[in-house]
Number of protein chains: 2
Amino acid sequence: MQRKTFRDMQCPIARGLERVGEWWSILILREAFYGATRFDTFQKNLDIAPNMLTRRLNGLVEEGLLERRQYMERPPRFEYVLTQCGRDFLPVLLAMLEWGNKYFASEGVSVQLVDKDTGASVNPVLVDAKNGNPVNLARYVVAPGPAASEGVRRRLADAAEYMSAQSES
Amino acid sequence: MQRKTFRDMQCPIARGLERVGEWWSILILREAFYGATRFDTFQKNLDIAPNMLTRRLNGLVEEGLLERRQYMERPPRFEYVLTQCGRDFLPVLLAMLEWGNKYFASEGVSVQLVDKDTGASVNPVLVDAKNGNPVNLARYVVAPGPAASEGVRRRLADAAEYMSAQSES
């Protein structure tokens, strides 16, 4: 199926989705964080069709999230390891985990983030690194950066106005 | 195209993706945060085919992220507004924005999060709400929750071991 690319949109969310937005890709990254490196492990854990898994792994390698490494010469065998770019996807996964637990864990929480030492469950929140303030739309807003096109500037001006009004209502 | 559902997986990330993981859905949510409510606005801003937009909007309404509201009687006209569940997706979007800016803003930053009062650009980080510690794999790990099946418990035991070893290497 042909689908429109998000690559040329001047938006970091769209550009990120271009790399991970295909069905299965984010679960493959989750597996990589959980320790899967070999094709068979991904396949068994995800119950995904081999041709689909091949396509998605190749895509994640092309986009720089996974590195393909040979771990055996005869027969040639390869493993897939997170790159720094792939490892830096962790906050997106954890934000998704938090949201999924809040709304879709109908039978109760099955997977949670815990403190390694105390075992206490953790509520991850997004804060401003400078001052620790929770990031919400009462205090923060999207704005054009130095590279923004005229079109992006116009759209974000409208968006900022809307977001401000929402957070006050 | 038929695709496998993630709905029955006992994983909050998979359950979340079941709701937003289709191509376009997350950009539609971005538009909703930016203030789009009407079909035509989504269509114009995203340059998305109308039949696809209809499918995605209906999906997001069914899954409880958007609410469909009638705003005009004659002719009948509807708008789409974020529900609480949809609004709580914001941290995922912002984590994606941060990651996209870090790796894929080849021409420089076009869209950024800023402090409304000072205009200073914000570096959002995920922290433990209890103590403000940055959430990383040196200190935190995924673990089974009370509702975890035996299979999930086994897999997370392996994952925890792997993640710990990685963070020490």
Side-chain angles (χ1 to χ4, degrees), chain A residues 1 3 10-17 21 23 26-27 30 34-35 85 88-89 91-97 99-105 107-116 122-129 132 135 139-148 152 156 158-159 162-163, chain B residues 1 3 10-17 21 23 26-27 30 33-35 85 88-89 91-97 99-105 107-116 122-129 132 135 139-148 152 156 158-159 162:
Chain A
M1 190 173 71
R3 57 165 179 65
Q10 210 182 36
C11 164
I13 297 171
R15 300 244 180 109
L17 286 172
W23 203 247
I26 289 179
L27 291 188
R30 178 199 72 186
Y34 284 1
C85 173
D88 284 345
F89 189 68
V92 183
L93 274 183
L94 293 179
M96 183 74 91
L97 185 145
W99 181 69
N101 269 338
K102 183 161 180 187
Y103 285 101
F104 310 118
E107 76 276 48
V109 169
S110 307
V111 181
Q112 58 187 348
L113 196 71
V114 301
D115 186 305
K116 251 189 225 182
V122 170
N123 181 222
V125 291
L126 217 54
V127 302
D128 184 337
V135 170
R139 196 188 294 255
Y140 300 95
V141 74
V142 290
V152 168
L156 290 183
D158 293 345
Y162 176 81
M163 291 166 108
Chain B
M1 191 172 71
R3 55 163 180 67
Q10 211 183 35
C11 165
I13 297 170
R15 299 245 181 107
L17 286 172
W23 203 248
I26 290 179
L27 291 189
R30 180 199 71 186
F33 276 101
Y34 284 1
C85 173
D88 284 346
F89 189 69
V92 183
L93 275 182
L94 293 178
M96 182 74 92
L97 184 146
W99 181 70
N101 270 337
K102 183 161 181 187
Y103 286 101
F104 310 119
E107 76 275 49
V109 168
S110 307
V111 181
Q112 58 187 349
L113 196 70
V114 301
D115 186 306
K116 252 189 226 181
V122 170
N123 180 221
V125 291
L126 216 53
V127 302
D128 184 337
V135 170
R139 196 189 292 256
Y140 300 95
V141 73
V142 289
V152 168
L156 290 183
D158 293 346
Y162 176 82

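What you see is a predicted model; the values in this text were computed from it and never measured. Reminder, nothing fancy here: chain letters follow the sequence lines and each chain counts from 1.
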- Engaged part of A/Arg15 at the chain B interface, taking heavy atoms whose separation is under 4.5 Å: both
- Task: Answer with side chain, backbone, both or neither: which region of A/Leu17 has an atom nearer than 4.5 Å to a non-hydrogen atom of chain B?
- Result: both
- Task: Could you have a look at A/Leu94, A/Val152, A/Val122, A/Ile26 and say which one has the most heavy-atom pairs with chain B under 4.5 angstrom?
- Result: A/Val122
- Message: For the interface with chain B, which of A/Pro91, A/Gly16, A/Gly35 has the highest count of heavy-atom pairs at distances below 4.5 Å?
- Response: A/Gly35
- Which one of A/Asn123, A/Val109, A/Asp158 has the most heavy-atom pairs closer than 4.5 Å to chain B? A/Val109
- Query: Highest number of heavy-atom pairs under 4.5 Å with chain B: which of A/Pro146, A/Ala143, A/Ala148, A/Pro124?
  - Reply: A/Ala143
- Note on the structure: Nearest heavy-atom contact between B/Phe33 and A/Met163 is O-CG, 3.2 Å
- Option in B/Ala95, B/Ser110, B/Ala159 with maximal non-hydrogen atom pairs under 4.5 Å from chain A: B/Ser110
- Message: Show the nearest heavy-atom pair for residues A/Asp128 and A/Tyr140, with the distance to one decimal.
- Response: OD2-OH, 2.9 Å
- If one checks every heavy atom of A/Tyr34 against chain B at 4.5 Å, the contacting part turns out to be both
- Shortest non-hydrogen contact from A/Cys11 to B/Arg30? SG-NH1, 3.0 Å
- Item | Check: A/Cys85 main-chain N/O paired with B/Trp99 side-chain donor or acceptor under 3.5 Å | yes
- Note on the structure: Looking only at A/Leu156, A/Val125, A/Leu113, the option with the highest number of non-hydrogen pairs under 4.5 Å against chain B is A/Val125
- Residues B/Asn101, B/Leu97; criterion side chain to side chain contact (heavy atoms under 4.5 Å, CB included); working and verdict: CA-CA 6 Å; B/Asn101 270 337; B/Leu97 184 146; 3.6 Å; yes
- Message: If I measure from the heavy atoms of chain A, does B/Val141 come under 4.5 Å with its side chain, its backbone, both, or neither?
- Response: both
- Query: So which part of B/Leu126 gets closer than 4.5 Å to some heavy atom of chain A, the side chain, the backbone, both or neither?
  - Reply: both
- Non-hydrogen atoms of chain B under 4.5 Å away: do they reach the side chain of A/Tyr103, the backbone, both or neither? side chain
- With no hydrogens and no angle check, is any side-chain donor or acceptor of A/Gln112 less than 3.5 Å from a backbone partner on B/Val142? no
- Measure across A/Ala147 and A/Gln10 and return the closest heavy-atom pair with its distance rounded to 0.1 Å. O-NE2, 2.8 Å
- Query: Side chain, backbone, both or neither: which part of A/Val111 has a non-hydrogen atom closer than 4.5 Å to chain B?
  - Reply: both
- Message: Only pairs of heavy atoms separated by less than 4.5 Å count here; which of A/Val135, A/Leu27, A/Leu93 has the most with chain B?
- Response: A/Leu27
